[in-house]
Amino acid sequence: MQRFSEGDRVRIDIPDETDPDHERYHGVRGTVVAVLEDDAGLTTGDERDSLLFRVDLEDGDKEDFRWRDLRPP
């Protein structure tokens, strides 16, 4: 099941303050501009992990996130 699609507005949600990406991305909003696939789901056993969502962040950067790091805005 794909939770987000191209064009969807999202908010980055990384609640673990010890995560190295928390300070930089937690609470930042952006728009999904691409949905990419890799083989991470084979490693984790969760097919959702095979999707990467490329997000155009409000500051103009583009970064890739897994489904678990994204929420509706």
Side-chain angles (χ1 to χ4, degrees):
M1 175 173 89
Q2 185 172 317
R3 188 171 179 182
F4 297 103
S5 301
E6 289 181 29
D8 287 350
R9 293 278 301 156
V10 294
R11 177 178 49 89
I12 312 304
D13 183 26
I14 305 174
D16 181 357
E17 293 180 6
T18 65
D19 186 307
D21 291 329
H22 172 83
E23 189 171 325
R24 165 76 175 95
Y25 297 114
H26 184 71
V28 173
R29 288 173 169 72
T31 302
V32 176
V33 294
V35 180
L36 311 169
E37 291 187 47
D38 64 12
D39 61 357
L42 296 174
T43 301
T44 66
D46 187 336
E47 67 184 42
R48 296 175 296 179
D49 290 334
S50 292
L51 296 177
L52 278 170
F53 298 92
R54 181 154 295 155
V55 178
D56 185 4
L57 303 174
E58 291 177 332
D59 65 4
D61 286 345
K62 287 184 176 61
E63 297 292 338
D64 296 337
F65 297 94
R66 300 284 175 190
W67 65 274
R68 66 178 47 81
D69 295 327
L70 299 176
R71 302 284 180 269

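What's counted below: heavy atoms across the whole structure, side chains too, no hydrogens, waters or symmetry copies.
Annotation: side chain of Leu51 is not in contact with side chain of Arg66 (no heavy-atom distance under 4.5 Å). Under the 4.5 Å side-chain criterion, counting only non-hydrogen atoms from C-beta, Val35 is not in contact with Leu52. Here the side chains of Asp61 and Arg24 are in contact, with some heavy-atom distance below 4.5 Å. Within the 4.5 Å cutoff, side-chain heavy atoms of Asp49 are placed close to those of Arg68. For the pair Lys62/Val55, no side-chain contact is recorded, criterion being any heavy-atom separation below 4.5 Å from C-beta on.
Qualifying side-chain contact (heavy atoms from CB on, under 4.5 Å) partners for Pro72, counting only residues two or more places apart in sequence or in other chains: Arg3, Phe4. Judged as a side chain to side chain donor-acceptor pair (under 3.5 Å), and not counting sequence neighbours, Ser5 has no contacts.
Closest heavy-atom contact between Leu36 and Arg54: CD1-NH2, 3.3 Å. Here the closest non-hydrogen pair linking Leu57 and Tyr25 is CD1-CE2, 3.7 Å. Nearest heavy atom pair, residue Ser50 against residue Gly41, reads OG-N, 2.9 Å.
Taking CG of Asp21 as the reference point, atom CD1 of Ile14 lies at 5.0 Å (rounded to 0.5 Å). Rounded to the nearest 0.5 Å, atoms CG (Asp56) and CZ (Arg9) are 9.0 Å apart.
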Test log, rule side-chain contact (heavy atoms from CB on, under 4.5 Å), inputs Phe53 and Asp69 | CA-CA 10 Å; Phe53 298 92; Asp69 295 327; over 6 Å; no
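Between Arg11 and Glu58 there is no salt bridge, since no side-chain nitrogen of the basic residue lies less than 4.0 Å from a carboxylate oxygen of the acidic one.
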